[in-house]
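No experiment lies behind these values; they were computed from the predicted model shown. Residue numbers start at 1 and run along the sequence shown.
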Amino acid sequence: MSDTSSRRAIVTALANQKGGVGKSTTAINLSAAMALQGLRCLLVDLDPQGNATSGMGIDRGSITTSIYDVLLKEIPIEDAIEASSVKNLFVVPATIDLAGAEIELVPAFSREGRLRGALTEVTDSYDVVMIDCPPSLGLLTVNALTAADEVLIPIQCEYYALEGLTQLLSNVERIRRSLNPTLSVEGVVLTMYDARTNLSKDVAAQVRNHFGDRTYRTVIPRSVRISEAPSYGEPIEAFDPMTRGAIAYRELGREFRRRHGLD
């Protein structure tokens, strides 16, 4: 495990305004894989749907302090952090209250920097902070991109996979110019890959041609077991560690660590 005392965490926002691309699934399973590999990880659920929260087995009805309280009431983020069932993995949960945050943040002072300010209190305590963004480009996603060092984009190997990416990339550029000059697109992860279909192969080739080395070598296969795991409140690594999906996320975790010098 790396030494968290000498440096701050890498803060990575998982973003794609298209829904259903495996964003929350990747946030959960990549965080869990790296936590089980010895890194101390914090998963911040910034999506009002709360999939990363429920997918980690946290009962949304029993949450007393959530990311909503951190952003709108400026409660210290430490008060919202919950331990998960996975060693080394901690979660800042989301509740349905977050659905109103887009509107409530509009008149707020320093509205784009609320998450960045909150995270400065805890980044010295973790190796990696993963932020699961909502599938939109509103103020919550702007908060995530303002707080992050980098963006990781999950892209599903389906029709229209690249649709909307131009808008996302232009928003990243806009935030880099106005709010976060060090923000970068760290990489792209291919999800829901089906090696039996030409479509998956064609999309993968398109993405690799467009993003080059920023595309992760590891691809995440389409998998029923990956889809089932969230209903049990477990990452795939805990739910079925020998499945192809668990093996792929473990390898993705190793690749992420190598890219960031976290080995």
Side-chain angles (χ1 to χ4, degrees), residues 4 7-17 23-24 26-28 30-31 34 39-53 65-82 89-95 97-99 101-106 108-154 168-187 256 259-260 262:
T4 53
R7 56 162 182 75
R8 61 180 283 281
I10 293 158
V11 181
T12 304
L14 282 92
N16 189 329
Q17 74 265 33
K23 181 176 51 58
S24 296
T26 297
I28 291 167
L30 178 55
S31 298
M34 291 193 293
L39 297 184
R40 190 171 164 86
C41 299
L42 180 65
L43 175 58
V44 179
D45 191 351
L46 208 61
D47 187 345
Q49 295 176 62
N51 291 334
T53 299
T65 307
S66 71
I67 192 65
Y68 172 87
D69 301 299
V70 174
L71 295 177
L72 273 301
K73 301 177 185 176
E74 299 188 89
I75 287 172
I77 198 166
E78 296 103 316
D79 294 353
I81 293 173
E82 302 211 9
L89 178 53
F90 300 82
V91 181
V92 179
T95 61
D97 292 342
L98 196 58
E102 294 277 6
I103 297 166
E104 292 177 65
L105 277 169
V106 170
F109 177 74
S110 187
R111 61 187 184 184
E112 301 94 348
R114 290 289 178 97
L115 182 59
R116 177 167 60 187
L119 283 175
T120 56
E121 302 169 9
V122 296
T123 46
D124 289 347
S125 302
Y126 296 91
D127 293 302
V128 178
V129 176
M130 291 255 162
I131 307 170
D132 186 28
C133 297
S136 67
L137 295 172
L139 264 175
L140 290 174
T141 298
V142 169
N143 259 269
L145 297 180
T146 302
D149 301 311
E150 59 185 33
V151 187
L152 183 60
I153 307 171
L168 173 61
L169 294 172
S170 68
N171 270 42
V172 169
E173 182 56 37
R174 194 173 295 123
I175 285 164
R176 183 164 40 221
R177 284 198 307 266
S178 59
L179 295 165
N180 185 1
T182 60
L183 182 66
S184 66
V185 175
E186 192 280 328
F256 184 97
R259 284 187 179 212
H260 293 83
L262 292 171

message = Working note: T95 + D69, criterion side chain to side chain contact (heavy atoms under 4.5 Å, CB included); need CA distance, chi angles, decisive distance, verdict.
response = CA-CA 10 Å; T95 61; D69 301 299; over 6 Å; no
request  = Please report the C-alpha distance between D97 and K73 in whole Å, then the side-chain angles of each, then the deciding distance to 0.1 Å, and finally whether the salt bridge (Lys or Arg N to Asp or Glu O under 4.0 Å) criterion is met.
outcome  = CA-CA 12 Å; D97 292 342; K73 301 177 185 176; over 6 Å; no
inquiry  = Between I81 and V92, is the side chain to side chain contact (heavy atoms under 4.5 Å, CB included) condition met? List the steps.
reply    = CA-CA 5 Å; I81 293 173; V92 179; 3.7 Å; yes
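Put simply, the side chain of L98 does not reach to within 4.5 Å of the side chain of S66, judged on heavy atoms. The shortest side-chain heavy-atom distance between E102 and S136 falls under the 4.5 Å cut-off. Using a 4.5 Å heavy-atom cutoff, the side chains of H260 and E150 are in contact. Using a 4.5 Å heavy-atom threshold, the side chains of N171 and T141 count as separate. You'll find the side chain of V129 stays beyond 4.5 Å of the side chain of V122, heavy atoms only. At least one side-chain heavy atom of V151 sits less than 4.5 Å from a side-chain heavy atom of L183. Taking 4.5 Å as the limit, some side-chain heavy atom of L152 sits within range of a side-chain heavy atom of L30.
In plain terms, the two heavy atoms of A144 and L46 that are nearest each other are CB-CD2, 3.7 Å. Pairing each heavy atom of R116 with each of L179, the nearest pair is NH1-O, 3.1 Å. Contact detail for L145 and N180: the closest heavy-atom pair is O-ND2, 2.8 Å. Summarising the geometry of N16 relative to P154, their closest heavy-atom pair is ND2-O, 2.8 Å, with the distance given to 0.1 Å. Scanning both residues, A52 and I28, for their nearest heavy atoms gives CA-CD1, 3.7 Å. Here the closest heavy-atom approach between residue L43 and residue S31 is recorded as CD1-OG, 4.0 Å.
A side-chain N or O of D45 and one of T53 form a donor-acceptor pair less than 3.5 Å apart.
Formation of a donor-acceptor pair under 3.5 Å by the R114 side chain with backbone atoms of F109 is found in this model. Checked by atom type and distance alone, the side chain of D149 pairs as donor or acceptor with a backbone atom of V11 at under 3.5 Å. Without hydrogens or angle criteria, R40 side chain to S125 main chain gives a donor-acceptor distance under 3.5 Å. For the pair K23 (side chain) and C133 (backbone), a donor-acceptor distance under 3.5 Å is present. At least one donor-acceptor pair under 3.5 Å links the side chain of R259 to the backbone N or O of E186. Listed for the D47 side chain is no donor-acceptor partner under 3.5 Å among the backbone atoms of D132. Judged purely by atom type and a 3.5 angstrom limit, R111 uses its side chain to pair as donor or acceptor with the backbone of V106.
Here the straight-line distance linking atom OG1 of T146 with atom CG of L115 works out to 8.5 Å at 0.5 Å rounding. Residue I77 holds its CD1 atom at 11.5 Å from OG1 of T65, rounded to the nearest 0.5 Å. Taking CG of L71 as the reference point, atom CG of L140 lies at 6.5 Å (rounded to 0.5 Å). Here L168 contributes atom CG and I153 contributes atom CD1; the two are 4.5 Å apart, rounded to the nearest 0.5 Å. Separation of atoms CE (M34) and CG (L262) is listed at 7.5 Å; rounding is to 0.5 Å. Annotation: the span from T12 atom OG1 to F256 atom CZ amounts to 3.5 Å, rounded to 0.5 Å.
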